[in-house]
2 protein chains.
Amino acid sequence: MSPAAHGSGLSFWAGSDEGGDGAVTHDQARSAAIAAELRGRIIDGRLPPGTRIRQEEIAEEFGVSRLPIRETLRFLESSGLVTLVASTGAWVSRLDLEECREIYLMRERLEPLLLRLAMPGHTTESFVEFSRLAEAVAASTSRGELVERDRDFHRALTAGPATKRLRETVDHLWNLTHFYRRQLLSPSVSRRREDILTEHRMLLRAVEERDVDAAEATLALHIRHTRRLVERNPQIFESGEAPGTVGPDAWVRPDAP
Amino acid sequence: MSPAAHGSGLSFWAGSDEGGDGAVTHDQARSAAIAAELRGRIIDGRLPPGTRIRQEEIAEEFGVSRLPIRETLRFLESSGLVTLVASTGAWVSRLDLEECREIYLMRERLEPLLLRLAMPGHTTESFVEFSRLAEAVAASTSRGELVERDRDFHRALTAGPATKRLRETVDHLWNLTHFYRRQLLSPSVSRRREDILTEHRMLLRAVEERDVDAAEATLALHIRHTRRLVERNPQIFESGEAPGTVGPDAWVRPDAP
DNA sequence: CCGCTCAGCATTGGATCCAATCTGGTCCGC
DNA sequence: GCGGACCAGATTGGATCCAATGCTGAGCGG
């Protein structure tokens, strides 16, 4: 086996395998699992932007020393989810409107490309699955569920082999904005929900007709519309204690800057 | 000050400051400098793809313990330059044609976007600088210099404030393929050199005329042409045959033609 | 009453030591 | 002679301990 040949390098990102036996082994799967868990907490909002992350606290929770936590934090920093300040501490990264806009602009360019590369691999069975997922989006009841189902739909459409880095980059862009997307799709803007469903249908049709250009254009437009919605709702970035907008739970720690 | 607000998270990437005093301080600038140095060696080919990286060796060279090296390697892994295998070792990542193609496709989409966002900030003085850099590309004598000057030109064109993540992503894509680009621009394909110069001139004109769409299209085409060249020269990926035996200068390939 | 300084504390960064894993070579059995 | 298993060396992964840094708050002086 040639170790250097297969590596994408980003394997660390590859979701939570969850397969690890409970044994306190030296395997680095442990570190990977911790990274995946922390990442999950950040993107789904359990660790909202601005939250201070104390190494010791996390270490104790997972029953390991601070060392693997340090490496994990370094890793999360490199993906932009965490901000490290030398000799001071780590915080969950916070986005402002400009950064979020930038990320959406990147997605507008990259996700259509990913879709293009994935489309030749789609089969008739895929289309059935896509329809099912689109219906799941339509059937979602809470905003949290809508966001998740929407992501499932996008992920399925762009699933396919042999585009590792691109897919990981797109995934990464989704992760960075996931928290704010959830804030955005509050009931007050549910009109957007109908647009999303319509755009999904259009997208689905283009994909089924194997019209690559139309599919790309539709997807780009779809993302662009969401970006415009973000730009019209800058209040979601005013972390502090914006009345009523931020989550239902006591996410917002008092020590937030 | 709010620590979490300013962070792009990717600050680690921000080039080699080189400013570090020699003192054996606890400052993490040391780690950052090591990361930058290693990264530099990888992208410029001093550490070619497939090279085994031993933690202890690097640690001794920089006069630190293995610990910061470990974190550095994790970091480089997350950016795809290094491949880690659990409990086994680290190697400089190797690209195959498909991956390289994928990276170029991404650059075709992202770099024009970066250019678009940078163009409003360009001034008359910028244009003078661009011309100077374009001439430097034309005046380059070795292929190594050509690659470097070409990168300088592209970087200057896309320089500007407030697009941190996008710029870092584009930079990252350049880094990943830099080694192979150098392999590519051998004398044998010097015809491409003339194309590059011509395309640079076209690009420059579009930028000076502040024609954003034309500039984007020209840049995309420029990158696309290089990608096609890569696709026509798959042999640049056939370095070394066995994983362990990739010599330090295996990339010097005395391809005469 | 307010601003500055300095000491104490919490937290992070690094070095050394120990345990687990993998590789490579060699030996034995077939 | 050849293939598989075993043993030793090398190398990485993790835990604990120590040093340095940055924040916090009390005390002092203006």
Side-chain angles (χ1 to χ4, degrees), chain A residues 1-7 11-12 20-35 38 50-77 82-92 253-257, chain B residues 1-7 11-12 20-35 38 50-77 82-92 242-246:
Chain A
M1 142 182 187
S2 60
H6 87 294
S11 56
F12 217 81
D21 51 347
V24 184
T25 167
H26 258 189
D27 195 299
Q28 82 173 23
R30 189 93 185 172
S31 291
I34 293 172
L38 277 184
T51 306
R52 173 83 184 261
I53 298 178
R54 261 176 288 272
Q55 295 182 355
E56 201 148 3
E57 191 178 305
I58 307 292
E60 191 175 359
E61 176 183 345
F62 287 96
V64 295
S65 98
R66 267 176 38 226
L67 201 143
I69 304 298
R70 275 163 60 180
E71 293 181 345
T72 295
L73 289 179
R74 280 282 177 86
F75 172 72
L76 291 175
E77 185 202 22
V82 161
T83 299
L84 292 181
V85 180
S87 300
T88 303
W91 284 263
V92 178
R253 300 284 188 79
D255 57 341
Chain B
M1 149 177 189
S2 59
H6 87 294
S11 56
F12 216 81
D21 51 346
V24 183
T25 168
H26 259 189
D27 195 296
Q28 84 172 20
R30 190 91 185 172
S31 291
I34 294 172
L38 277 184
T51 306
R52 172 86 185 260
I53 299 178
R54 262 178 289 272
Q55 296 182 356
E56 201 148 4
E57 192 178 304
I58 307 290
E60 190 175 1
E61 177 183 345
F62 287 96
V64 296
S65 97
R66 267 177 40 224
L67 201 143
I69 305 298
R70 275 163 60 180
E71 293 181 344
T72 295
L73 290 179
R74 281 281 179 86
F75 172 73
L76 292 175
E77 185 202 23
V82 160
T83 299
L84 292 181
V85 180
S87 299
T88 302
W91 284 262
V92 178
T245 60
V246 178

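Scope of the values below: all heavy atoms of this structure, side chains included, with no hydrogens, waters or symmetry mates. So you know, we letter chains A, B, ... as the sequences are listed, proteins then strands, and number each from 1.
- The salt bridge (charged side-chain N to carboxylate O under 4.0 Å, His left out) search around Glu56(B) returns none, not counting sequence neighbours.
- For Arg54(B), the listed nucleotide lying nearest its side chain is dT11(D); candidates were dG14(C), dG22(D), dT11(D).
- Take Arg66(B) and apply the salt bridge (charged side-chain N to carboxylate O under 4.0 Å, His left out) test, not counting sequence neighbours, and it matches no residue.
- Contact annotation for Ile69(A): no contact, since no heavy-atom pair falls under 4.0 Å across all strands.
- Atom CG of Leu67(B) and atom CG of Leu67(A) lie 5.0 Å apart (nearest 0.5 Å).
- The separation between Arg70(A) atom CZ and dG13(D) atom C1' is 14 Å, rounded to whole Å.
- Residues of residues 60-68 of chain A having a heavy atom closer than 4.0 Å to DNA chain C, listed by number: Arg66(A).
- In this entry the distance linking CD of Glu56(B) with P of dA10(D) reads 11 Å, nearest Å.
- Leu73(B) comes within 4.0 angstrom of no nucleic acid atom, judged by non-hydrogen atoms across all strands.
- Residues passing the salt bridge (charged side-chain N to carboxylate O under 4.0 Å, His left out) test with Arg54(B) are Glu57(B), sequence neighbours excluded.
- Distance from the side chain of Arg52(B) is smallest to dT11(D) among dT11(D), dC22(C), dG14(D).
- At least one donor-acceptor pair under 3.5 Å links the side chain of Thr88(B) to the backbone N or O of Ala86(B).
- Here dG14(C) presents its P atom at 16 Å from CZ of Arg74(B), a figure rounded to the nearest Å.
- Going from atom CZ of Phe75(B) over to atom CD of Glu71(A) covers 14.0 Å, rounded to the nearest 0.5 Å.
- The CZ-P distance, from Phe75(A) to dG13(D), rounds to 15 Å in whole Å.
- Taking five base pairs at each end of the helix from dC1(C)-dG30(D) to dC30(C)-dG1(D), the local helix axes there meet at an angle of 10°, rounded to 10°.
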- [ ] Apply side-chain contact (heavy atoms from CB on, under 4.5 Å) to Arg52(A) and Trp91(A), showing your working.
- [x] CA-CA 4 Å; Arg52(A) 173 83 184 261; Trp91(A) 284 263; 3.5 Å; yes
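- One can place CD1 of Ile58(A) at 13 Å from P of dT11(C), the figure rounded to the nearest angstrom.
- Listed nucleotides dT11(C), dT12(D), dG13(C) differ in distance to Gln55(B); the shortest reach to its side chain belongs to dT12(D).
- For Glu60(B), there are no salt bridge (charged side-chain N to carboxylate O under 4.0 Å, His left out) partners at least two apart in sequence or on another chain.
- The side-chain heavy atoms of Gln55(A) and Leu73(A), taken from C-beta on, include a pair separated by under 4.5 Å.
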